[in-house]
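Every chain is numbered from 1, with letters handed out A, B, ... down the list of sequences. It should be emphasised that the depicted structure is a prediction, and the values quoted were computed from it without experimental measurement.
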Amino acid sequence: MGEGTVASPVKPPQGIRPTMSHRARVDPIRLPVARTAHEDRSFWRTYIFSTDHKTIAKQYLFLALFMALLGGYLVYVMRWQLAFPDTSIPGFGFVGPETYNALTTNHGTIMVFFVAMPILLGAFGNFLIPLMIGARDMAFPRLNMLSFWILFASSLVIMSSFFVPGGAAAAGWTGYAPLSARTEYTGVNWGINLWLLAHALEFASFLMGGVNFLTTAITMRAPGMTFFRLPLLVWQQMTASVIFLLSVGPLIAGAVMLLMDRLLGTSFFVPEQGGDPLLWQHLFWFFGHPEVYVLLMPGLGAVLEVLAVFSRKSIFGYRWIIYSTISVGFLSLIVWAHHMFISGMDPRLAMPFSITTILISVPIALIVFSMILTLWKGSIRFTPPMLWALGFIVMFILGGLTGIVLGSAPVNIQVHGTYFVVAHFHTVLLSVVIFGSFTGIYFWFPKMFGRMMNVPLSNLHFLLTLIFFNLTFFPMHAVGLAGMPRRITNPLQYEFLQPVQSLNVYITLSALGLTLAQFLFLINFVWSIVAGRKAEDNPWESATLEWTAPSPPPHGNWGDTIPTVYRGPYEYSPPGVREDFLPQDLAPSARSD
Amino acid sequence: MTADRAHPNYVAIWVWLVILMLTGVLATLLPLEKSAVIGLIFAVAAVKAVLVALNYMHLKSENWLIYALAIVPVLLVVAMTLVLFPDIVYRH
Amino acid sequence: MFLNWLPENVSIHGAEIDSIFHLIYYITLAWFIVTVGALIVFALLFRRRDGQRAAYITGDRLPHAAWLLIPTALVLMLDLWIDFRGGDAWARVKLHAPPSELQIQVTGKQFNWEILYPGPDGRFGTPDDLQIDNELHVAVNRVVGLTLKSKDVIHSLYLPNLRLQQNVIPGREFHAWFQATKPGVFEIPCLELCGFGHSGMVGHLIVHTAEEYDKWVKEQWPAPSSPLKESDQP
Amino acid sequence: MRMAVVSEQSAPARRGKIAVWWLIASEVMIFGGALSCYILARTAGPGWSAEAAHLSAILATINTFVLLTSSMTMAMAFAAYQKADQRGVCRFLLCTILLGLAFLGIKAYEYISHIADGLAPWSGSFWSFYYLLTGLHALHVIAGIIVNIILLLAAGKGLHTGYRIEIAGLYWHFVDIVWIFLFPLLYLSY
């Protein structure tokens, strides 16, 4: 059957035709050759304007890590100010209240939109979806490249907003109107315009990315890769993309309206001229809440893959997880108003939304039970990715349970807008973003870069992160219960907060520890890319398709033929077989029993 | 997408669309109650949209996935509007 | 215990909110212990041992899936319990306000609470209205009705000790009520980011005893405006 | 693009179609969000009908006619492609583009005359929404015209534009459907 199909693309090579027609019989919706590989492999086309999904995934990853440093720097300044108000901050100076508001706003925006989404969707989705479904690339490789570069432009815009007159956006990451709609309320003019522009670009980028992900997963699966043989990560990436596509629309409309309010003097959200500020909140949270699940899904997916591999056991209730994932996706679209219990919306709406909110914990609980039961009677290997996965479960349970407190409308009256909320969503989001991302990065690093990471350093990184994570966010719940408001600059301005100031100091020191611990990862990451031990194709003995490609996979992922799939993704320790796992592409006849 | 697929008569659909459009415009001149007129013109608009979707967008010959993609967002928008009615319209 | 961090409750409806908080706290604590306990036990019990293979369990079929579905059903039932308890409390605080004995109007603006008292005639818009910034004087054990407004951006009136919070949105009017059960001075922080002066936007709620309140009223409205007070004068 | 094998050609067509339908689904949410706000705000705020009466229903009817016709020509361009009628493809695509431009021309005339009358985006809630909705729609018309011009240029060179006509058509018809709803919402229900 032909040679070098991957390296000499452009025209479909002769040799691949017979394979094609053969495959077409297996599954009519096949995608043909590596049509994206290009002969022109100059430096620019290979590393910068590449259309290879793996290179683009790495670009997302590097961009996100860089933005994480920026977001981390902002939080360092904020925490220092909270612990030692109105002192000069090493590496920054004094923080005025205007600056502080800009810091909170942009910390939230950057961490959610420029760190979490690029890693969990951009990097994991791009890298893994084609590899896991047995495709040579995304459905639209050039669109994929464009998505990344639009995100890159967006991150330049958000960074540049710090340097315009008036400073960066300071209306909170939720940008509640009318504070965000009129310059005189914040004193920030171009900062908020650029902030909105960055959002517009970001949404365009991930909209195109989502369309690409879904089209790829629907139309480009390898022969035999039915929907119920897809790894859960692919399911969850798909669900995340669907939720994103369906929820972001109203906010895009809202963002255009807000920008018109600011630039043209219209009055969509300004009450003096007949606008309605509550409308913005509805539009924002109609997207804002599903966004949480957009982030959660890929993190959950990465953890599930890792759990199966390192307990050498099938995921407990694969299909039930899929059904739960879909119901979470659906429910996430109808819970948004629980962010608005005390916002002044019609109080009769609170109970229906409280019920949907608390109901969403049901499918999530099922997934958590399934993760725990996967360990039952397993043969667990405590490798770095597995440690992160286990840490994810514990932290995610903690964060999920505090969500019940907030989801109950009457209790929400007391804790809404306090540090309890901050503690809750950091526990949830950081368990997803920190633990989920590191699970994935440590697990797929050998496939991404062809080298292994240093294990002792990884374990130390995990241990320190777990400890400092809890030392930071657990006391924050207490501070919140005591009533400390979010987004205040100086807790000492409040008499009733004097008793918790020592906790604030303590949280700040732990947060510093948490930040410093991440440098262990950066060192390990860079060092391993350059000088790590060479990785085999399948170092973790995993059954899914991405491990059948070379490490790192070449452009086009597989050689002449795309693997054919014969079974589900989690065939670990099957009875009657000597091996303790059956790769998805192992033909049944080739079984050695 | 195959080359030999029978397609609807595009011109006939267009004639229907123009007739419906004129119906919608003329409905505003009817001496009916305002709510009835509004109901009528939006019913006409919905029929026009369905005609375009089914015939010009070939929804007639699509599979369930495409149908779902067309219908689910519409339902979601309608649901969102209805849920927001008590809050935005009937301000207490 | 963890919930001791909550500020002292001094309102009549706060106890109910606290009791729901306790209910949720114990339910979630139990789940946390059970799930994380199971996780740790499994992780230790089933760690890798030489010559021992993992079991092959897919968990898709019902007999196995029951291990998933039964706890999930339990979660659902507990959820509904929490919701139904919560529904009553919510309705009591936000929907069915009792007739108020004192009516006060609170207006948020950058960066103060403007508190308007109707004066002895009990009506707003009359000459005896009195506005005091950032000081909300009420009497203990009396139902206080608040009319909430905002002049510029969104603020949030937060009374942590009274378990009361309500955003105020410009262009709309809101109502809230409370009945304080204990005299004292409590802070009223603004809980919604409202600009650079958000931090430090604090009012004070002063809950007087009945006698003190009458005294305060006399100080504020010394004029012989009400027939009741004329009889007190020598 | 000279791939003769059916499976190779049908695969991109299917992919393109699914992708465009996903795009349309998210666009429905964008327009849906804006329309939903408009309906809510208009139902809540009295006195909008007087403002809406400033709009010209006649121009809008002509514009609706233009857009409906352009949808038909777009569909016929695809029909011509199916019959391998290259000249027909070019002719109908050109018609679609010209009709789209005519729509924009009439729209621009409306905008200019409204602004000349002092009815700008900042002249009250109705006008804010009017310019938002029609502006957002006009941007989509412009995008559709650009896509069609690209296809026309490709078709003019004799290349097989193929399935792309159907995919571009899906988008174009969607823009048409949005207008079908904007027309009664803005122009007729006063």
Nearest atoms (heavy-atom pairs only) where [X] meets [Y]:
| X | Y | answer |
| --- | --- | --- |
| B:Y10 | D:A75 | CE1-O, 3.3 Å |
| B:M57 | D:L170 | CE-O, 3.3 Å |
| B:M80 | D:G33 | CE-CA, 4.2 Å |
| B:A49 | D:F181 | CB-CE1, 3.5 Å |
| D:M29 | B:P73 | SD-O, 3.7 Å |
| D:I180 | B:A45 | CG2-O, 3.4 Å |

Worked check of side chain to side chain contact (heavy atoms under 4.5 Å, CB included) between B:Y67 and D:W21: CA-CA 9 Å; B:Y67 261 92; D:W21 271 107; over 6 Å; no
Between [atom1] of [X] and [atom2] of [Y], what distance do you get to the nearest 0.5 Å?
| X | Y | atom1 | atom2 | result |
| --- | --- | --- | --- | --- |
| D:S71 | B:N55 | OG | CG | 11.0 Å |
| D:S36 | B:F85 | OG | CZ | 8.5 Å |
| B:H58 | D:E166 | NE2 | CD | 5.5 Å |

Name the option with the most non-hydrogen atom pairs under 4.5 Å to chain B; the candidates are [options].
| options | answer |
| --- | --- |
| D:V178, D:I18, D:T43, D:T73 | D:T43 |
| D:T61, D:I39, D:D176, D:I24 | D:T61 |
| D:L68, D:V28, D:L35 | D:L68 |

Interchain contact, D:W22 with chain B, by part (heavy-atom threshold 4.5 Å): both
Toward chain B, the part of D:T69 with a non-hydrogen atom under 4.5 Å: both
Which atoms of [X] are under 4.5 Å from chain D, going by heavy atoms: the side chain, the backbone, both sets, or neither?
| X | answer |
| --- | --- |
| B:V11 | both |
| B:L51 | neither |
| B:V74 | both |
| B:A53 | both |

Pairwise side-chain contact, B:K48 with D:P184, heavy-atom cut-off 4.5 Å (strictly under): no
Neighbour count above 12 (heavy atom, 6.0 Å) for B:L82 CG: yes
Test log, rule side chain to side chain contact (heavy atoms under 4.5 Å, CB included), inputs D:M72 and B:I13: CA-CA 8 Å; D:M72 178 187 68; B:I13 300 297; over 6 Å; no
I'd like to verify something: which residue of [options] has the highest number of heavy-atom pairs under 4.5 Å with chain D?
| options | answer |
| --- | --- |
| B:L69, B:T81, B:V77 | B:L69 |
| B:I66, B:L84, B:V18, B:L17 | B:I66 |
| B:L59, B:I41, B:L20 | B:I41 |

Derivation and outcome, side chain to side chain contact (heavy atoms under 4.5 Å, CB included), residues B:F42 and D:L185: CA-CA 8 Å; B:F42 282 105; D:L185 273 172; 3.4 Å; yes
B:V25/D:F183 under side chain to side chain contact (heavy atoms under 4.5 Å, CB included): CA gap, chis, key distance, verdict: CA-CA 10 Å; B:V25 175; D:F183 173 51; 3.6 Å; yes
